[in-house]
Amino acid sequence: QVQVVESGGGEVQAGGSLRLSCTSSKLTSDDYAMAWFRQTPEKEREGVSCISWSGLSTDYTASVKGRFTISRDNAKGTLYLQMNSLKLEDTGMYYCAADPERNYCSNSWWTGSEYDYWGRGIQVTVSS
């Protein structure tokens with residue numbers, strides 16, 4: 001069983017920044033694509049960002065482009081999501097996930113259906 005653990009969430013005022021981290025032992029030994037997803041009780045799960053194993057290819061949902069940056073350090077087994085200029089609508093539970101079948105972001109990564117390993121999630125709350 002692959003363990004994936006998120007950290008770094010919390011509450012921040014609108015316009016502020018947070019950095020999420022995700023650790024997994026598999027990040028140091030296997031070439032997985034990784035992604036961040038988020039969900040609120042009112043909305044369906046949304047793909048936020050994806051990154052290839054090499055880190056050279058990334059993708060973002062339109063609402064976070066220019067504000068969020070995904071990155072990874074495979075030697076440390078850690079995935080990051082730097083979130084700047086946070087908005088109220090960024091509030092939600094954020095999940096880290098790994099796709100064990102691909103080392104790249106597929107055309108449908110944002111659905112989450114290809115991601116087999118998920119963390120328990122971490123809450124991000126943006127307040128006014």
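Computation of the quantities below employed the complete heavy-atom set of this structure, encompassing side-chain atoms and omitting hydrogens, waters and symmetry-equivalent molecules.
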Using only heavy-atom distances, determine whether the side chains of S71 and Q82 contain a donor-acceptor pair under 3.5 Å.
no

Test: R102 and D31 ion pair at under 4.0 Å
no

Quick test of your reading: applying disulfide (SG to SG under 2.5 Å), list the pairs with at least one residue in residues 39-94, sequence neighbours left out, ordered by first then second residue.
C50-C105

hydrophobic_cluster_shared for Y80 and M93, side chain cutoff 4.5 Å
no

Look at the side-chain heavy atoms of Ile, Leu, Val, Met, Phe, Trp and Tyr, link any pair under 4.5 Å apart, and say whether V64 and L88 land in one connected group.
yes

Is the backbone N or O of [Y] less than 3.5 Å from a side-chain atom of [X], with the two atoms forming a donor-acceptor pair by type?
{"X": "R72", "Y": "G77", "value": "no"}
{"X": "R45", "Y": "T111", "value": "yes"}
{"X": "S52", "Y": "A33", "value": "no"}
{"X": "S24", "Y": "Q3", "value": "yes"}
{"X": "E6", "Y": "C96", "value": "yes"}
{"X": "Y60", "Y": "I70", "value": "yes"}

For Q13 and S127, run side-chain hydrogen bond (donor to acceptor under 3.5 Å, both in side chains): C-alpha distance rounded to whole Å, both residues' side-chain angles, the deciding distance at 0.1 Å, then the answer.
CA-CA 5 Å; Q13 286 192 326; S127 59; 5.3 Å; no

With sequence neighbours left out, write down each residue that passes side-chain contact (heavy atoms from CB on, under 4.5 Å) with D116, or none if nothing qualifies.
P100

Within the 4.5 Å heavy-atom criterion, are [X] and [Y] side-chain neighbours or not?
{"X": "E101", "Y": "Y32", "result": "no"}
{"X": "V124", "Y": "T91", "result": "no"}
{"X": "K87", "Y": "R67", "result": "yes"}
{"X": "W110", "Y": "T61", "result": "no"}
{"X": "L86", "Y": "L18", "result": "yes"}
{"X": "N84", "Y": "F68", "result": "no"}

I need the [X] [atom1] to [Y] [atom2] distance, nearest 0.5 Å.
{"X": "K43", "Y": "R38", "atom1": "NZ", "atom2": "CZ", "value": "5.5 Å"}
{"X": "S7", "Y": "I122", "atom1": "OG", "atom2": "CD1", "value": "6.0 Å"}
{"X": "M83", "Y": "L20", "atom1": "CE", "atom2": "CG", "value": "3.5 Å"}
{"X": "T23", "Y": "K76", "atom1": "OG1", "atom2": "NZ", "value": "12.5 Å"}
{"X": "Y104", "Y": "S54", "atom1": "OH", "atom2": "OG", "value": "13.0 Å"}

For V4 and C22, which heavy atoms make the closest approach, and how far apart are they?
CG1-SG, 3.2 Å

Between E114 and S108, which heavy-atom pair has the shortest distance, and what is it?
OE2-OG, 2.9 Å

For T78 and D73: C-alpha separation, side-chain torsions, deciding distance, then whether side-chain hydrogen bond (donor to acceptor under 3.5 Å, both in side chains) applies.
CA-CA 5 Å; T78 306; D73 185 333; over 6 Å; no

On the 0 to 90° scale, with breaks at 30° and 60°, tag the Y115-F37 ring pair as parallel, tilted or perpendicular.
perpendicular

Classify the ring geometry of Y95 against W118: parallel below 30°, tilted from 30° to 60°, perpendicular beyond 60°.
perpendicular

Check D99, D59, I51 against W109 for a side-chain contact (heavy atoms from CB on, under 4.5 Å) and give me the one that passes.
D59

